[in-house]
Structures are given as C-alpha cells and as structure tokens.
Amino acid sequence: MAGETVTLSSLVTWLSRFRDLVTENRNYLTELDSAIGDADHGANMARGMAAVMEKVGASPATTADELFKSVGMTLVTSVGGASGPLYGTFFLRFGMTAGAVSEFDGAALSAALRAGLGGVVARGKPELGDKTMFDAMSPALEAFDASVASGGSPAAAAAAAYDAAVVGRDATTPLVARKGRASYLGERSAGHLDPGATSTAFLFQALAESLAQG
Amino acid sequence: MKKLINSPDHVLADALVGVELAHPELKVDHTNRIIYRGEPTKPGKVALISGGGSGHEPLHGGFVGFGMLDAACAGEVFTSPTPDQMQEATKVADSGAGVLHIVKNYTGDVMNFEMAAEMAEAETGVRVESVVTNDDVAVEDSTWTAGRRGVGVTVLLEKIVGAAAEEGRDLAAVASLARTVNAQGRSMGMALTSCTVPSAGKPTFELPDDMMEMGVGIHGEPGRHRVPLAPAADIAQQLVEPILHDLDFSGAPTIVMLNGMGGTPLIELYLMYGEVAKILQKSGIQVARSLVGNYITSLDMAGCSVTVLRADDELLRLWDAPVNTAGLRWGV
C-alpha cells in the first residue's frame, strides 16, 4: 500500500512515466492530431519530455519548486506550439505553489495541481466542452480533491483522477472544437478524440502509476 | 514518404545550414534557429521580427532583408517557435527603437509570442508591440473560438510595414500601419492534396482524386468543406466570393496575391490568377498590383490561396519601395 506522503522521487517517477507514455504513444497522438489538427502533437510531446528527463537526470533537484521550474522551462523552450506554453505553464505554476519542499500530503499535491490548472486556464482561456486538454484535466482535479476530502490517500486520489481524466478525454469525441487548430474545422472536428485531452489523460495515468508504487 | 531529407528529425537544422550557405548576406543562429540580416539594425529603425512553424517557406526566413524583416524565428515544421528564441531575436535585433512582433493568429504562436514579449520587456526593457494577423475568411470569427487564421496578408504586411520601418517611422506608427494592413486584407485557400509532415511520414489527410478541400489554412489541416473538384474558373469563384462578401473592396486600388501552397506548378497559378482577375474586374474591383507565386506554403500541398488587400496611394508607394530578400526582390 502506498503511504500518505508523496516524495520528490515519486514525482520524478511521474515525469519519467509520462515521458514513456507520450513516447510509446507518439504515433497515436500524431494520428489523433492528423484528424483534426496539424499532425505534430506526438512528436512535440515526445521531444519535450525527452528534454525534460535529460535535464532532470543531469541536475537532480532537491526541492519541488526547483524541479518543476526546470521541467516547465524545458517544456516552454523545447516544445513550441500550444502544448509547450500550456504544459510548461502547468509545471511552472505547480512548482511555484509546491514551494521548497521534498514531501507532499494529499492537500499539498492538490494545491499544486490546482495551481497548474490555473496556469493552463490563464494561457489558453479554455472552458469545459471546448474540446481541449482542459476537458480531461478539470474533472481529474475534481476527482482528486473529492478523494482527498473523503480521506483517500494521494495514491487513491491519483487513481480517481486518472479515471476521471479518461472519462473527460472520451467525452471530447462528439464535441465541436472551439479552441486551437481543431476549431478551424468547425463541425468537422466532431467525431474525433482530442489529442490534448489524450496526452493529459496520460499525465494522470503516469501520476496514478507512480503514486501506486509508493 | 519520398522527401529530400536525411532524417525526419533533422529537417529544420539541415535546411538552416542550406539557408546560411546560399545566402551569405544573412546570419543564421543555429542554436536558437534565428535568421538575421547580416548587418545590425540601423540606429533609430524599428526592428520587425516574425516567426512561426517551418514548412511555409519562403515565409518567414525568406523575407529577412532590406525592406522587410530584421529577423525570423523558425519553429519545427508547423509548430510555433519557443519564447526563448523570440526573446533572443528581439534582444539582438533591437536598435533601441523597439521591436514589432508579427504573429499569425494560431493558438500556439500567440501564446509563445506573448510569453516572449513578457520575458523581453521584463528582462531587457526592450519595447515590444505585437500585431496578430487574422485574414482568413474561411473561419467564421467568434469570441468563442480561436478566431480567424493569419495567412496570406502576413506576406503583404511584412513588405509594406517593412518599407515604412526603413523610412524611420516610430514603433507606434509602424504597429498602427501593421494593424491597418491586417484589417484591410482578406484571404481564402483551397487544397487539391494534403501534405506530408516529415515527422508524421504520411499525408495528414486522404483526399480522393475527384474531391478538393475548400477553406484550408497552411498546416495541412482539412478545410471547412470537402467539395467536388471543379474547373479553375469555378474554383476561383469559390475563393473570391467569400472574400468580397466579407469586406468592401470597391472604390480603392487593391493588391492581389495568388499564392501557391507549395505543390502546384506556376503555370496553374498563373491560370488561376487569370480567373481571379477576371472575376475581380467583373465585380468592379480595381487591381493595382499583383503577386503570383509560392509565398506562404504548406509543405508539398497542392492548391492555392487568394489574398486581396484594400490599398491606397500610400500603401501602394510602400509596396513599390525597394526590397531585397531571398523571397521578394525589386527596385534594388
């Protein structure tokens, strides 16, 4: 059983598991993006997370703010597109709120994730149903918080968040995109899974798996 | 995928090597993927910087030089460059007179340029103004969406505003002119084929031989509608009609660009220009200047776009001013 606290090394595992997932699913993400976007999401996320893990490996951080500032800046400066500023700002704000700590309880992790979500909102101004990563991330955090509030461990909360992210991701299929390049297709964007919501579901899958390891 | 490349992951880096060797008058920063003029910006001259995903050549790197841009930041194919690239270009190109960022309206480009402007102003105190182009009539504008895409008018804007900057106008005047040009231009594009992004290895979408996509952008994405292939005269009609419907071009001279998407031969582009010009003439639109060729492309996509800009004597004068870049050159 996973404990009540999350260590910095679990969060490094989160990042490396996310890197693995976007790398293994690079072609899948690109296929999704080919249908309604510009066919670069898989390549961009794989390149960005590879750069992140190289940086994390080369200069290991001892506190969360240090770690996630480096993660965020690496994504911002290596990914480009919309994903770079969005995921980059997510991790930058996550680190700023987490602060100079090396251990988290559920509430602290929730606050950091919420700050990350706030960064995505500030950059992209998404609303629920716009067919974006927000459609997976917002319900994931609702579920995370609900689990923590009812006494769940961080690992249980992350598992609940992953389940909710998957539901949110799948619900993007019938939507008509209102943000990003898919919005240029108008009605034709309906009937396709959103690539950003899909990579965000991987982000929460990675979190759930890394915290389950304890 | 059949392409003249060494490896899909090295297309941009290898292409920048070629740009540098082919154009000794330019400077290429390979680390930051920036193309600069060979000479530093003249004191007092506002610097013009643009950038975007690669795959639209000659836009933007091909428009660096006298009379147009001072620097261009190249992103990966169809992916916006990153804020640190833009910040570096902004810092190096600034002569003290400030910098105009020319940004095409795509979610990623806008976000990255916003971050770059914030970083440049905070860290170096460079004055930055931004203009976002959004001339694509295929996209219905709405406050609920990402808005219209920036396409062909970006080329005309970089030429006209570049000439104004050479004359020594200040940052506010240069930015204001840029917004005027954007507001007075409209574009519409179509595709006969998709294009192949090197890292994806296959065409972004499949298009049967007897169909075409109307209302495409410049990233190989499908358009607004898939319709049956038609003779050039009908296609010209389908492109020009929404443009004229969107803005009143009567009573003013216009600049018209018939732009190729990268995979269509010039003979077809000229044929299309003839059809477009006939329709404009019949509609009572006065064409004062024209430009036909591949200027803002979508890799190997076959197809074209039409841009019409409502001009006046001043804009025509700036259009006619000397320009000396790899992609546009006259009067020098």
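A, B, ... follow the sequence lines: proteins, then strands. Residue 1 opens every chain. Please read all numbers here as calculations on a predicted model, not as lab measurements.
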Atom CZ in A:Arg26, atom OG in B:Ser199: separation rounded to 0.5 Å?
-> 6.0 Å
What is the distance from atom CZ of A:Arg47 to atom CG of B:Asp9, rounded to the nearest 0.5 Å?
->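 It is 8.5 Å, given to the nearest 0.5 Å.
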Determine whether more than 12 heavy atoms belonging to other residues, nucleotides or ligands lie under 6.0 Å from atom CD of A:Glu54.
->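 Atom CD in A:Glu54 is not packed in, count stays at 12 or less.
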Step through the shown structure and confirm whether more than 12 heavy atoms of other residues, nucleotides or ligands are within 6.0 Å of NE2 on B:His10.
-> no
Based on non-hydrogen pairs under 4.5 Å, which of A:Asp40, A:Asn27, A:Ile36, A:Asp33 is most in contact with chain B?
-> A:Asp40
Heavy-atom cut-off 4.5 Å, strictly under: side chain, backbone, both or neither for [X] against chain B?
| X | result |
| --- | --- |
| A:Ala39 | both |
| A:Ala182 | neither |
| A:Thr77 | both |

Residue part contacting chain A, namely of [X], when any heavy atom lies under 4.5 Å:
| X | answer |
| --- | --- |
| B:Glu114 | side chain |
| B:Tyr106 | both |
| B:Asn32 | neither |
| B:Glu213 | side chain |

Are any side-chain N or O atoms of A:Arg188 and backbone N or O atoms of B:Gly223, one a donor and one an acceptor, separated by less than 3.5 Å?
->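 Such a contact is found between A:Arg188 side chain and B:Gly223 backbone.
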Distance-only, no hydrogens or angles: does the B:Asn112 side chain make a donor-acceptor pair with backbone N or O of A:Gly81 under 3.5 Å?
-> yes
Are the side chains of [X] and [Y] in touch, meaning some heavy atoms are under 4.5 Å apart?
| X | Y | answer |
| --- | --- | --- |
| A:Thr89 | B:Met115 | yes |
| B:Arg224 | A:Glu187 | no |
| B:Pro83 | A:Val76 | yes |
| A:Glu31 | B:Lys202 | yes |

Ignoring hydrogens, what is the shortest heavy-atom contact between [X] and [Y]? Give both atom names and the distance.
| X | Y | answer |
| --- | --- | --- |
| B:Thr204 | A:Gly37 | CG2-O, 4.5 Å |
| B:Thr82 | A:Gly80 | CG2-N, 3.5 Å |
| A:Val79 | B:Thr79 | O-CG2, 3.4 Å |

Of all of B:Arg149, B:His225, B:Glu76, which one pairs up most often with chain A through heavy atoms under 4.5 Å apart?
->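 Of the candidates given, the most pairs with chain A belong to B:Arg149.
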